[in-house]
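Computation of the quantities below employed the complete heavy-atom set of this structure, encompassing side-chain atoms and omitting hydrogens, waters and symmetry-equivalent molecules. Ligands are counted one by one from 1 in listed order, and the atoms in each one are counted from 1 as well. Keep in mind that what you see is a predicted model, and the values were worked out from it rather than measured.
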Amino acid sequence: MSTDDSPVLEVRNLEKHYPVTEGVLKREVGRVRAVDGISFDVHRGETVGIVGESGCGKSTAATSLLRLEDPTGGQVLFEGEDITEYSKAELKQFRRDAQMMFQDPSASFDPRMSVGESVAEPLVIHGLNDRGRRRRIVQDLFERVGLSADDVDRYPHEFSGGQKQRIALARALVLNPKLIVADEPTSALDVSIQSEILGLMSDVQEDFDLSIVFISHDMGVIREVCDRVAVMYLGEIVELAPTEELFGNPQHPYTRALLGSIPQPDPRQRGQGVRLTGDVPSPSNPPAGCRFHTRCPEIIQPEGYDFDQPVWRSVMDFRVRLRQGEIDLDAVRRFLGDEEAVENPDLVDDSEVEAAIREEFDIPERLSDSDAEAVLSEAFEWVVDGDFEAANDLLADEFETVCEREPPELAETDAGHPASCHLHSPADPVEPTASADD
Ligand SMILES: Nc1ncnc2c1ncn2[C@@H]1O[C@H](COP(=O)(O)OP(=O)(O)OP(=O)(O)O)[C@@H](O)[C@H]1O
């Protein structure tokens, strides 16, 4: 990596919200917060990764920062200029300098055109009319990406997935860009081919002094190619660190969970980190407080109680489902008894219903903390009576955690890089003894 001081790309509070509309008049009834205020820099020659599960907003971040779709907020500075303010002509120049690579290269080739013509297309659009020169440039690039100069006359269907991604790289390079945004460029490829393409991208990056934004859901791939990594969850960056630091000393529970999901050949490393369960919630209605609190294995416990952490997570899973109105008593009764029990709840004992729900959520028959158990038992009484609101209110009062109450700031941690987690930024800090100005 060769970086100079000023970043090539500065992303500042970038936001892309999609309206959710209803009716013929398309009244806006909500917003999908696909990207919700992300900031990061990319320096010359640097590869910055964006990692996160499917639906976290990575692709939207890519297309918005290249203005392939217009952001709804924030700024993107390219070599110091705000591309969100660019005129059409300025955008055209920007499109030379910043290219995109996609997961599925097939989709971006016209089957009726030779791959050479496809790769040369951006040259035509940008006014290089000399056919012979175009051909020489493309042939040279083909060799550069590990294909033969003769391949330019062949058609897309004649190439394998890996070869097509090489051709896509040639096309991304043809205008001599400064920045490439690659969205899962190797996810559709076999592992061995993946490594070849990643190796090729690294070589090309050095030769062309390229900056790369590399998007992937795969921590293994990210580690192989990135200098720094932004971890994204539900539209936000939750941790940002140099790659080795992120892998060696992750500060956000989401990052730790992603790392825990990497297959580990070394048995000594196995079992480190907790596997993530459930899906990313909808960005049209993100959870309050920390967006990760509905799934976080390390969610902070409420004051005054002492849970085993996995049990606390189970209790929170139950609370989240209760809050969302997703506890189905009829289904539980049907499971325990038969159809008649739905019509006549007395046929199934309340304690059986409670036990079944506890089992479903992995909550022990009795919590080891008797105070917590008293609260939970009372809540279950409301639940089996069908008064979910009362159960919800009681649990919200007694078991509320800072993680659901307040959104954490993305702030510097002791590890020397930022993460947004209340484990690092307690919401109720100890009263400072000195004045803030000191
Ligand atoms: N045009 C759109 N209109 C409404 N919602 C959208 C639109 N495009 C994306 N979304 C939503 O925004 C969220 C983020 O999607 P995005 O594709 O950016 O995520 P991702 O992390 O790249 O996931 P994937 O790897 O599956 O593409 C998703 O919930 C998606 O459904």
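Distance check on atom 4 (C) of ligand 1: some protein heavy atom falls below the 4.0 Å cut-off. Distance check on atom 21 (O) of ligand 1: some protein heavy atom falls below the 4.0 Å cut-off.
Glu69 does not count as a contact of ligand 1, since none of its heavy atoms falls under 4.0 Å from the ligand.
Under the 4.0 Å criterion applied to side-chain N and carboxylate O atoms, Asp153 and Arg135 are assigned as salt-bridge partners. Taking a cutoff of 4.0 Å between a charged side-chain nitrogen and a carboxylate oxygen, Glu90 and Arg67 do not qualify as a salt bridge. Ionic pairing of Arg313 and Asp317 is present here: one or more N-O contacts between side-chain nitrogen and carboxylate oxygen are shorter than 4.0 angstrom. Looking at Arg12 and Asp41, a side-chain N of the basic residue comes within less than 4.0 Å of a carboxylate O on the acidic one, giving a salt bridge.
Every N/O-N/O distance between Val32 and ligand 1 stays at or above 3.5 Å. Below 3.5 Å of separation, one finds no N or O of Pro283 facing any N or O of ligand 1. The shortest N or O to N or O distance between Gly55 and ligand 1 is under 3.5 Å. Looking at ligand 1, you won't find any N or O of Glu184 less than 3.5 Å from one of its N or O atoms.
Checking Glu85 against Gln75 by side-chain atom types alone, no donor-acceptor pair falls below 3.5 Å. The closest side-chain donor-acceptor pair between Glu398 and Tyr305 falls under 3.5 angstrom.
Taking a cut-off of under 4.0 Å to the non-hydrogen atoms of Ser59, the atoms of ligand 1 that pass are 17 (O), 18 (O), 20 (P), 22 (O), 27 (O). Below 4.0 Å from some heavy atom of Glu53 lie the following atoms of ligand 1, by number and element: 21 (O). Ligand-side atoms of ligand 1 in range of Gly57: 14 (C), 16 (P), 18 (O), 19 (O), 20 (P), 21 (O), range being under 4.0 angstrom from any heavy atom. Residue contact check: Lys58 has heavy atoms under 4.0 Å from atoms 18 (O), 19 (O), 20 (P), 21 (O), 22 (O), 23 (O), 25 (O) of ligand 1.
Rounding to the nearest 0.5 Å places CD1 of Ile193 at 11.5 Å from CG of Leu198.
Annotation: atom 10 (N) of ligand 1 to nearest protein heavy atom, Tyr18 CE1, 3.8 Å. Among all non-hydrogen protein atoms, the one lying nearest atom 24 (P) of ligand 1 is Ser54 OG, 3.6 Å. The protein heavy-atom contact nearest to atom 12 (O) of ligand 1 is Ala34 CB, 3.3 Å. Protein heavy atom at the shortest distance from atom 15 (O) of ligand 1 is Thr60 OG1, 3.8 Å.
Cation-pi geometry between Arg291 and Tyr233 is not satisfied (NZ or CZ under 6.0 Å from the ring centre, within 45° of the ring normal).
Here the shortest heavy-atom pairing between Ile180 and Leu173 reads CD1-CD2, 4.0 Å.
Other residues, nucleotides and ligands contribute over 12 non-hydrogen atoms within 6.0 Å of the CG atom of Asp207.
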